Amino acid sequence: MKIALIVLAVLLIIALMLGSSFIGRRNQMAVKREAVNAAWAQVDVVLQRRADLIPNLVETVKGFAAQEQTVFGEIAKARAAYLSAGTPAEKIAANGQLDRAMVKFLAVTENYPQLKSNENFLRLQDELAGTENRIAVERRRYNETVQDYNTFIALFPNSLVASMGGFARNDAYFKTEEGARVVPKVSFGTPNAPAAAPQPAPAKP
């Protein structure tokens with residue numbers, strides 16, 4: 001009888017330890033998942049800020065480059081896709097499309113030097129530059145937070161707790177596309193003339 005009680009007590013202690021460990025790990029996962037949500041909220045704010053700036057910037061450029069309808073159309077389409085996106089994964093994909101459209105748009109503005117003297121354009125351009133810098137910071141922070149969460153739930157025995165607790169891997173990362181944020185350089189100079197063929201040295205007398 002005493003042996004049975006001892007065995008029962010040991011099993012009870014083990015169960016309590018396992019239960020405590022399960023609850024502790026699950027709580028850690030919940031905290032990390034909320035950190036991901038908070039980081040995304042910051043990203044969403046700055047992305048929305050850029051989306052709000054774009055129409056005014058485009059309208060200003062249209063006053064100088066009304067013929068660039070293709071680029072303006074791409075901007076409008078990409079912005080509409082972002083605004084209609086729901087989940088973080090959808091917004092990240094739409095943001096990539098908007099990034100590519102903005103690269104083309106900013107390249108076009110380089111073809112119109114008179115924009116450089118337009119106060120409204122310069123103000124909006126400065127606001128956009130500041131917003132882009134903020135986006136870069138918040139994107140990196142978000143990616144790091146997601147990576148931390150994914151790594152934590154992938155480790156054993158956390159993976160077992162995650163499976164039982166309903167914590168799934170988050171694959172809504174921002175992926176950097178090569179050249180996506182590099183604005184093409186536009187040259188206003190005339191093409192270099194071909195080098196003249198070297199003249200033969202004068203014959204010695």
Side-chain angles (χ1 to χ4, degrees), residues 5-57 75 77-103 124 126-183:
L5 289 175
I6 293 174
V7 171
L8 183 61
V10 170
L11 292 176
L12 182 60
I13 292 172
I14 292 174
L16 289 173
M17 291 176 61
L18 291 176
S20 177
S21 177
F22 177 88
I23 293 172
R25 292 175 188 275
R26 190 184 187 285
N27 287 342
Q28 283 182 280
M29 292 176 192
V31 170
K32 290 181 180 294
R33 185 167 62 184
E34 285 306 308
V36 170
N37 293 337
W40 170 254
Q42 293 300 314
V43 173
D44 203 21
V45 167
V46 290
L47 290 181
Q48 184 63 49
R49 170 61 178 160
R50 180 175 68 169
D52 292 340
L53 281 173
I54 287 173
N56 291 334
L57 188 62
I75 285 283
K77 182 179 178 181
R79 181 175 179 273
Y82 172 77
L83 294 177
S84 64
T87 66
E90 291 173 350
K91 288 193 173 185
I92 288 172
N95 180 72
Q97 181 183 351
L98 189 55
D99 279 346
R100 292 187 290 273
M102 286 300 294
V103 167
L124 291 170
D126 286 343
E127 289 185 41
L128 180 65
T131 302
E132 291 286 0
N133 290 336
R134 187 64 180 169
I135 288 173
V137 170
E138 297 298 345
R139 277 168 48 136
R140 182 176 65 253
R141 186 175 299 164
Y142 169 77
N143 276 353
E144 290 172 352
T145 306
V146 173
Q147 183 179 14
D148 178 63
Y149 166 78
N150 285 340
T151 301
F152 186 79
I153 68 171
L155 296 175
F156 183 84
N158 295 349
S159 55
L160 297 178
V161 178
S163 178
M164 291 184 286
F167 291 88
R169 176 181 172 83
N170 186 338
D171 288 318
Y173 281 99
F174 282 97
K175 298 178 178 63
T176 303
E177 299 179 22
E178 187 176 355
R181 290 184 167 269
V182 179
V183 179

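Computed from a predicted structure; not experimentally measured.
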(request) Let me see the working for V137 and N133 under side chain to side chain contact (heavy atoms under 4.5 Å, CB included), right down to the final yes or no. (result) CA-CA 6 Å; V137 170; N133 290 336; 5.8 Å; no
(message) If you define the side chain from C-beta out and look only at heavy atoms, does anything of E138 sit under 4.5 Å from V45?
(response) no
(message) Within this structure, what is the CD-CD1 distance for the pair Q42 and I135, rounded to the nearest 0.5 Å?
(response) 12.5 Å
(request) Evaluate side chain to side chain contact (heavy atoms under 4.5 Å, CB included) for Y82 paired with E90, printing each intermediate quantity in order. (result) CA-CA 8 Å; Y82 172 77; E90 291 173 350; over 6 Å; no
(request) Begin with the C-alpha distance, continue with both residues' side-chain angles, and end with the deciding distance and a verdict on side chain to side chain contact (heavy atoms under 4.5 Å, CB included) for F174 and V43. (result) CA-CA 11 Å; F174 282 97; V43 173; 3.5 Å; yes
(request) Find out whether N150 and Y173 are in side-chain contact, i.e. whether some heavy atom of one side chain is under 4.5 Å from a heavy atom of the other. (result) yes
(message) What I want to check is whether the side chains of N95 and R50 have a donor and an acceptor closer together than 3.5 Å.
(response) yes
(request) Look up atom OG1 in T87 and atom CD1 in I92, then write down how far apart they are to the nearest 0.5 Å. (result) 8.5 Å
(request) Looking only at non-hydrogen atoms, find the nearest pair between N56 and D52 and report the distance. (result) ND2-O, 4.4 Å
(request) Compute both the distance and the angle, then confirm whether K32 meets the cation-pi test with Y149: under 6.0 Å from the six-membered ring centre, within 45 degrees of the axis. (result) no
(message) I want to check something: taking the side chain as every heavy atom from C-beta on, are L57 and E127 in contact at a cut-off of under 4.5 Å?
(response) no
(request) Show your working on side chain to side chain contact (heavy atoms under 4.5 Å, CB included) between Q97 and K77 and close with a plain yes or no. (result) CA-CA 9 Å; Q97 181 183 351; K77 182 179 178 181; 4.1 Å; yes
(message) Looking at S163 and S159, would you say the former's side chain and the latter's main chain have a donor-acceptor pair under 3.5 Å?
(response) no
(message) Does M164, at its CE atom, have more than 12 non-hydrogen atoms belonging to other residues, nucleotides or ligands within less than 6.0 Å?
(response) yes
(request) Evaluate whether atom CZ of R26 has more than 12 neighbouring non-hydrogen atoms of other residues, nucleotides or ligands under 6.0 angstrom away. (result) no
(message) So that I can tick it off, tell me whether D99 and R139 are bridged by a salt bridge, with the cut-off set at under 4.0 angstrom between side-chain N and carboxylate O.
(response) yes
(request) State, to 0.1 Å, how close R79 and L98 come at their nearest heavy-atom pair, and which atoms those are. (result) N-CD1, 3.9 Å
(message) What's the separation between atom CZ in R169 and atom OG1 in T151, rounded to the nearest 0.5 Å?
(response) 8.0 Å
(request) In plain terms, say whether R49 and D44 are close enough for a salt bridge, that is, a side-chain N and a carboxylate O under 4.0 Å apart. (result) no
(message) Please give me the minimum heavy-atom distance between A78 and A101, naming the atom from each residue.
(response) CB-CB, 4.2 Å
(message) Quiz question: by atom type and distance under 3.5 Å, do the side chains of T145 and R141 form a donor-acceptor pair?
(response) no
(request) Please report the closest heavy-atom contact between P88 and Y142, naming both atoms and the distance. (result) CB-OH, 4.4 Å
(request) Answer yes or no: is there a side-chain heavy-atom contact under 4.5 Å between M29 and F152? (result) yes
(message) Within the 4.5 Å heavy-atom criterion, are I75 and M102 side-chain neighbours or not?
(response) yes
(message) Quick check: do F22 and N27 have side-chain heavy atoms less than 4.5 Å from each other?
(response) no
